[in-house]
**Student:** 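Attaching a single structure in structure tokens format; questions to follow.
Only a predicted model underlies this, so the values are computations on that prediction, with no experimental measurement involved.
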Amino acid sequence: MFLILVVTVFLASCSALPIKDPYSYSSAVGQGLGTPFASYGEGRITGVRVWETNNNYYYYYYYYYYNSNNYISGFQLRYGNTWSPVFGREGSEKQEMELFNKEAIVEVSGKYNPADYICYLVLTTNRGRTLSAGLPNQVSFNFYPANMGNELRLLSGRFNGAGITSIGAHWGLVNMEGAENSTLETALETVTPIF
């Protein structure tokens with residue numbers, strides 16, 4: 001009788017444990033005007049392209065030169081072997097990084113101007129490699145997953161005709177056993193639950 005009671009209490013306590021949400025979202029930063037976007041694709045992120053625009057616009061202020069018009073004009077993610085559309089536009093300077101096998105983006109950071117564009121973008125992988133684009137000025141932001149073992153699944157935000165006006169990051173687990181881990185339709189099927 002005591003054994004039945006112990007087993008019942010154990011099973012009841014296991015069912016009462018909350019299941020951690022395997023996804024997290026880093027809220028968007030930036031002005032937020034323009035056309036909304038959300039990257040998408042089949043498989044894990046395997047490459048990144050970021051375009052920056054440098055208008056070489058200098059002005060003279062108290063004997064110093066300031067460049068006031070560098071910003072991220074667009075980006076593109078590769079899921080598996082397929083590149084997503086370009087979000088924003090292709091600017092003057094392109095930075096590109098291909099990820100190694102089992103390498104994942106685990107941090108997105110940078111700087112943004114609250115009045116207009118994302119000025120600087122840094123993507124960091126679980127191997128410590130980084131891709132950076134733009135000019136590091138204005139207000140800082142730092143995105144990272146809420147749960148250990150998560151990686152970047154998609155970027156969302158807004159863009160206008162000139163560049164990216166806001167950006168946010170979506171994090172999740174990836175099924176390492178198969179390539180069928182879409183960030184849209186089959187995302188829930190590919191998540192390993194955390195208990």
Side-chain angles (χ1 to χ4, degrees), residues 17-30 32 36-52 72-88 94-112 118-134 136 139-159 163-195:
L17 290 175
I19 296 175
K20 269 186 159 176
D21 186 10
Y23 289 99
S24 61
Y25 171 64
S26 299
S27 296
V29 297
F37 70 84
S39 62
Y40 57 89
E42 295 287 329
R44 80 182 322 165
I45 296 172
T46 57
V48 181
R49 292 177 181 152
V50 179
W51 285 272
E52 62 183 289
I72 303 302
S73 57
F75 74 92
Q76 189 176 31
L77 299 176
R78 187 176 70 195
Y79 289 89
N81 294 320
T82 306
W83 286 99
S84 72
V86 174
F87 298 101
K94 178 176 78 169
Q95 305 294 329
E96 184 171 353
M97 179 170 65
E98 291 195 21
L99 300 172
F100 297 124
N101 190 26
K102 296 185 181 179
E103 187 175 23
I105 297 169
V106 295
E107 182 180 6
V108 177
S109 58
K111 300 206 176 237
Y112 69 98
I118 304 300
C119 302
Y120 183 59
L121 191 62
V122 179
L123 302 164
T124 306
T125 73
N126 58 351
R127 293 191 177 184
R129 297 195 311 141
T130 61
L131 176 137
S132 63
V139 181
S140 297
F141 67 90
N142 190 19
F143 299 153
Y144 50 87
N147 301 312
M148 189 173 192
N150 284 11
E151 64 185 71
L152 183 68
R153 299 299 290 138
L154 63 101
L155 291 171
S156 64
R158 290 181 176 267
F159 66 91
I164 305 297
T165 61
S166 72
I167 194 164
H170 301 253
W171 309 94
L173 295 173
V174 177
N175 181 356
M176 297 298 294
E177 295 181 17
E180 297 302 320
N181 49 5
S182 168
T183 58
L184 285 178
E185 293 85 12
T186 61
L188 292 177
E189 299 171 1
T190 63
V191 174
T192 307
I194 300 174
F195 295 103

**Student:** Less than 4.5 Å apart, any side-chain heavy atom of F37 and any of F75?
**Tutor:**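 In contact.
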
**Student:** If you measure from OG on S132 to CG on L121, what distance do you get to the nearest 0.5 Å?
**Tutor:**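 Here the rounded value is 9.0 Å.
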
**Student:** Among residues at least two apart in sequence or on other chains, which ones pass salt bridge (Lys or Arg N to Asp or Glu O under 4.0 Å) with R49?
**Tutor:**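 So R49 forms a salt bridge (Lys or Arg N to Asp or Glu O under 4.0 Å) with E96.
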
**Student:** So do Y79 and L154 actually touch side chain to side chain, heavy atoms under 4.5 Å?
**Tutor:**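 They are in contact (side-chain heavy atoms under 4.5 Å apart), so the answer is yes.
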
**Student:** So Y112 and I167, do their side chains get closer than 4.5 Å, heavy atoms only?
**Tutor:** no

**Student:** With heavy-atom distances below 4.5 Å as the criterion, would you say the side chains of N126 and E103 are in contact?
**Tutor:**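 When only atoms from C-beta onward are counted, E103 and N126 do touch, with a gap below 4.5 Å.
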
**Student:** If you count every heavy atom of other residues, nucleotides or ligands that lies below 6.0 Å from Y25 atom OH, does the total exceed 12?
**Tutor:**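 Buried by this count: over 12 neighbours within 6.0 Å.
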
**Student:** We want to know whether T46 and R78 form a side-chain donor-acceptor pair, criterion being a heavy-atom distance below 3.5 angstrom.
**Tutor:**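 There is such a pair (donor and acceptor under 3.5 Å, judged by atom type) between the side chains of T46 and R78.
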
**Student:** side-chain contact (heavy atoms from CB on, under 4.5 Å) for F159 and V86? Distances and angles first, verdict last.
**Tutor:** CA-CA 11 Å; F159 66 91; V86 174; over 6 Å; no

**Student:** Is any side-chain heavy atom of F143 less than 4.5 Å from a side-chain heavy atom of L152?
**Tutor:** no

**Student:** Closest heavy-atom contact between R158 and G32?
**Tutor:** CD-O, 2.6 Å

**Student:** Compare all side-chain heavy atoms of N147 with those of L173 and state whether any distance is below 4.5 angstrom.
**Tutor:**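 A side-chain contact under 4.5 Å is absent here.
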
**Student:** Within the structure provided, determine whether L155 and F87 are in side-chain contact (heavy-atom separation under 4.5 Å).
**Tutor:**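 Side-chain contact under 4.5 Å: no.
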
**Student:** With rounding to the nearest 0.5 angstrom, report the CD to OG1 distance, Q95 to T130.
**Tutor:** 10.5 Å

**Student:** Ignoring hydrogens, what is the shortest heavy-atom contact between S24 and P145? Give both atom names and the distance.
**Tutor:**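 For S24 and P145, the tightest heavy-atom pair comes out as OG-CA, 3.9 Å.
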
**Student:** Measure the spacing between CD1 of I118 and OG1 of T165 and express it to the nearest 0.5 Å.
**Tutor:**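 The CD1 atom of I118 sits 7.5 Å away from the OG1 atom of T165.
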
**Student:** For a side-chain contact (heavy atoms from CB on, under 4.5 Å) check, start with the C-alpha distance between W51 and Q76, then their side-chain angles and the critical distance, and finish with the verdict.
**Tutor:** CA-CA 9 Å; W51 285 272; Q76 189 176 31; 3.6 Å; yes

**Student:** On a heavy-atom basis, which atom in L77 and which in S39 lie closest, and how many Å separate them?
**Tutor:** CD1-OG, 3.4 Å

**Student:** Looking only at non-hydrogen atoms, find the nearest pair between G43 and R153 and report the distance.
**Tutor:** O-NH1, 3.8 Å

**Student:** Begin from the C-alpha positions of E52 and V50 and carry the test side-chain contact (heavy atoms from CB on, under 4.5 Å) through to its verdict.
**Tutor:** CA-CA 7 Å; E52 62 183 289; V50 179; 5.8 Å; no

**Student:** Would you give the length of the straight line joining atom CD of E151 to atom CZ of R44, rounded to the nearest 0.5 angstrom?
**Tutor:** 4.0 Å

**Student:** If every non-hydrogen atom of V48 is compared with every non-hydrogen atom of I105, which pair is closest and at what distance?
**Tutor:**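 For V48 versus I105, the nearest heavy atoms are CG2-CD1, 3.6 Å.
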
**Student:** Is there a side-chain contact between T125 and F100 in this structure, where contact means two heavy atoms from C-beta onward sitting under 4.5 Å apart?
**Tutor:** no

**Student:** A quick test of your reading: do over 12 heavy atoms of other residues, nucleotides or ligands sit less than 6.0 Å from CG of N142?
**Tutor:**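 Yes, CG of N142 has more than 12 neighbouring heavy atoms, counting only those of other groups under 6.0 Å.
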
